[in-house]
There are 2 protein chains.
Amino acid sequence: MDDKLMLMIPGPTPVPERVLQAMAKHPIGHRTGEFSEIVAAVDVDLKWLHQTQNDVLVVAASGTGAMEAGIINFFSAGDRVLVCGNGKFGDRWIKLAKAYGLNVEVMQEDWGKPLDPDAIGAILQADTGKTIKGVVFTHSETSSGVLNDLAAINRHVKDHGEALIIVDAVTSLGAISVPVDELELDVVASGSQKGYMIPPGLGFVSVSAKAWAAYDKATLPKFYFDLGTYRKNAAKNLTPFTPPINLYFALQASLQMMRQEGLESIFARHSRLQAATRAGVKALGFGLFAPDSHASPAVTAATPPEGIAAGDISKILSKRFDISIAGGQDHLKGKIIRIGHLGFISDRDVLMTIAALEATLLELGYTGFTPGSGVAAAAKAFQ
Amino acid sequence: MDDKLMLMIPGPTPVPERVLQAMAKHPIGHRTGEFSEIVAAVDVDLKWLHQTQNDVLVVAASGTGAMEAGIINFFSAGDRVLVCGNGKFGDRWIKLAKAYGLNVEVMQEDWGKPLDPDAIGAILQADTGKTIKGVVFTHSETSSGVLNDLAAINRHVKDHGEALIIVDAVTSLGAISVPVDELELDVVASGSQKGYMIPPGLGFVSVSAKAWAAYDKATLPKFYFDLGTYRKNAAKNLTPFTPPINLYFALQASLQMMRQEGLESIFARHSRLQAATRAGVKALGFGLFAPDSHASPAVTAATPPEGIAAGDISKILSKRFDISIAGGQDHLKGKIIRIGHLGFISDRDVLMTIAALEATLLELGYTGFTPGSGVAAAAKAFQ
């Protein structure tokens, strides 16, 4: 049905009407007091969302651009960094760090399994010469629905003392608590089309004092993503280059909505959405790709019941019910479905998705489940 | 008056209602057939706008990001490049090239004066060892309203034979003909918030076969702006990273409008706007900062009549008439006004601006002009 698309993918996520309307306003000049007021308001709210007094800088780029900024500003060619990957985005940061000539030590875990904080700790402990300058990893791995244990990994990094902790929080920020100051996270990167509830095009990077000290010594070449320039301009409520003005309108509106809802409510909502989605698909005979102990509040990856092709599920959900879910990436293509449940997603949306999933399974002739059981399990999980 | 702002600055430029509405649609997934259709349609239209069969790649970034991509993809550290500057953006490309460790030969002209193609030619001719790998300059210098002689500079670069020509066409593309194939331009960078008539957030880079050959040998580090990745994805109507989906909606709509108007009409309109603006301000006693022979079709910079402060003009135009014009940048702060007339700007808008400028001068107590003479001169220039 035309204009009936419902995004249940892990980004882009649905955008509230009032945010779309804010975005559709005529642009204003970016060197005006009016725009600087927006920059200032957004800055306060971004710090609130990041639970930090650190700088939170905004770049005109996708989340990958934010991560690139989060890496190239703090290192020099040949610097040893530990990049821990357990999914597509982990792979990306390995490639990125290598592209910039860093001495990349890779710690890889299978997709679907969480990173092992103690294994990371062992590498860091063995580094008695303190040559590891940074530990880079993805908090919520979008490709597998795994939530890595930020606090536990962080403890090991803090024990090391020298390395910066650099976190891809693209699908976790705004979905689960990322307490930047409490954990003393050095660099946290995120993107607008996830928990922020606005379309893609803005990236965010929070930078600690320790990271700024590293910045002062870092020699990797940079210009567009030179965060020092952003910091200098941000102090005057300016941006170094023409910012995506209309996305700022959207951001201002969405952050206001987030403040109204409150951090605790936002996190509790995502926790409910996660629990209900997992309970729902499990009741329908799906396998859960990520363990309960490390399940992402943003996205649930699930393996279809035997005999049912992941692609057929997506196709029918899309054609019959105008619900868009994601499939597996790379070697997981055709093997899993991924249901996004972050950002502007309510309990109702999850119930609807599970209900449509039931109808889809029926349409595919699958008889291994009790119709209604998925929705029942999801509803029960809400309680 | 609320919501009455009229942007007569050289970017962001006004956005047509239908483009704003296209942008305000709910996002769709970027890994869908529907989005790939948009990518494909936009690709055809971008090539039409660039008058080229070369790749025209889209990056999620401001125009500066597009220029960075246009430089770092084709060189290695230490490569000798000639960067010609005669304004703020020329300065920026000098800084950018230096930030990446290029061996930058600077040719600088005063702001307001055009680059001297023969002086550039002399440097290139003296380079008998063909060590100059690239010539970088700004076509339309936004900071001064000077249009550099693209064709003449290009002839010298072609005579040299080795160097790539790298053009910042941020405020010229869509305002004046930039015939990429006819001139065999290697790299042309532009941004969305100018002639494209959409908000900022997208950058464009056209790349010639010769530039791709240079790309294969270039070793500057890059990841987010690695144009090879964009090219590979574009061949499948995909983008390497999550694109600003809603800006693509806007782009598709604005390119359709541009095709309806036609290239010749678009260029003729900008030529009229330029002539009328210049005639209008001249009749009011302003000095024209750029010479007639090298006037930008995008923006007119003018020095106020003696005794009138540029800042006062801007202030009254804004407060009384809700018209936003730009001032001078850096050392020209307070010394010039800049009137943007590119993108979604009509003859009517220029008449209105000149009329408001007259009223503003009256309000400032300036008596050195005949009221009505500016509008009369502008109207005459239309003929």
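Just so you know, these numbers use all the heavy atoms, side chains as well, and skip hydrogens, waters and symmetry mates. Every chain is numbered from 1, with letters handed out A, B, ... down the list of sequences.
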K.L.:
Could you give the distance from CD (A:Q193) to CG (B:N246), rounded to the nearest 0.5 Å?
P.N.:
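So the CD of A:Q193 and the CG of B:N246 are separated by 11.0 Å.
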K.L.:
Specify which of B:K98, B:K25, B:R92 makes the most heavy-atom pairs with chain A at under 4.5 Å.
P.N.:
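Winner by heavy-atom pair count: B:R92.
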K.L.:
Tell me which of these, A:D3, A:L220, A:T64, A:V19, has more heavy-atom pairs under 4.5 Å with chain B than the rest.
P.N.:
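Winner by heavy-atom pair count: A:T64.
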K.L.:
NZ of A:K194 to OG1 of B:T242: how many Å apart, nearest 0.5 Å?
P.N.:
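So the NZ of A:K194 and the OG1 of B:T242 are separated by 5.5 Å.
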K.L.:
Working to the nearest 0.5 angstrom, can you tell me the gap between B:F223 CZ and A:I71 CD1?
P.N.:
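Atom-to-atom, B:F223:CZ and A:I71:CD1 are 9.0 Å apart.
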K.L.:
Under 4.5 Å, counting heavy-atom pairs only, tell me which of A:P199, A:S192, A:A69 racks up the most with chain B.
P.N.:
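Ranked by contacts with chain B, first place is A:P199.
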K.L.:
Give, for atom CD1 of A:I9 and atom NE2 of B:H30, the distance between the pair rounded to the nearest 0.5 Å.
P.N.:
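Between A:I9 CD1 and B:H30 NE2, I get 7.0 Å after rounding to 0.5 Å.
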K.L.:
Name the region of A:T13, side chain, backbone, both or neither, that has any atom closer than 4.5 Å to a heavy atom of chain B.
P.N.:
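The backbone, not the side chain.
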K.L.:
Roughly how far, to the nearest 0.5 Å, is NE2 of A:H26 from CG of B:L5?
P.N.:
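Between B:L5 CG and A:H26 NE2, I get 9.5 Å after rounding to 0.5 Å.
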K.L.:
Could you pull out the closest heavy-atom pair between A:P27 and B:L7, with the gap in Å?
P.N.:
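Smallest interatomic distance, heavy atoms only, reads O-CD1, 3.3 Å.
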K.L.:
Looking at B:G63, B:P14, B:G191, B:G29, which makes the most heavy-atom pairs under 4.5 Å with chain A?
P.N.:
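Between B:G63, B:P14, B:G191, B:G29, the count favours B:G29.
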K.L.:
Under 3.5 Å, side chain of A:Y224 to main-chain N/O of B:L96, donor-acceptor pair present?
P.N.:
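Flag not set: sc A:Y224 to bb B:L96 has no pair under 3.5 Å.
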K.L.:
Please report the shortest heavy-atom distance between B:A99 and A:K222, naming the atom on each side.
P.N.:
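For B:A99 versus A:K222, the nearest heavy atoms are CB-O, 3.5 Å.
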K.L.:
What option among A:G201, A:G203, A:A60 has the most heavy-atom pairs under 4.5 Å with chain B?
P.N.:
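Option with the greatest count: A:A60.
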K.L.:
Below 4.5 Å, heavy-atom pairs only: which of A:P243, A:A250, A:G327, A:P221 has the largest tally toward chain B?
P.N.:
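Among A:P243, A:A250, A:G327, A:P221, the one with the most close pairs to chain B is A:P221.
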K.L.:
Relative to chain B, which of A:G11, A:G65, A:A22 shows the most heavy atom pairs under 4.5 Å?
P.N.:
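Highest number of heavy-atom pairs under 4.5 Å: A:G65.
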K.L.:
Which bit of B:I28 is near chain A, if near means a heavy-atom gap under 4.5 Å: side chain, backbone, both or neither?
P.N.:
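Interface part for B:I28: both.
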K.L.:
Heavy-atom distances under 4.5 Å only: say whether B:R31 touches chain A with side chain, backbone, both or neither.
P.N.:
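Contact with chain A: none, neither part.
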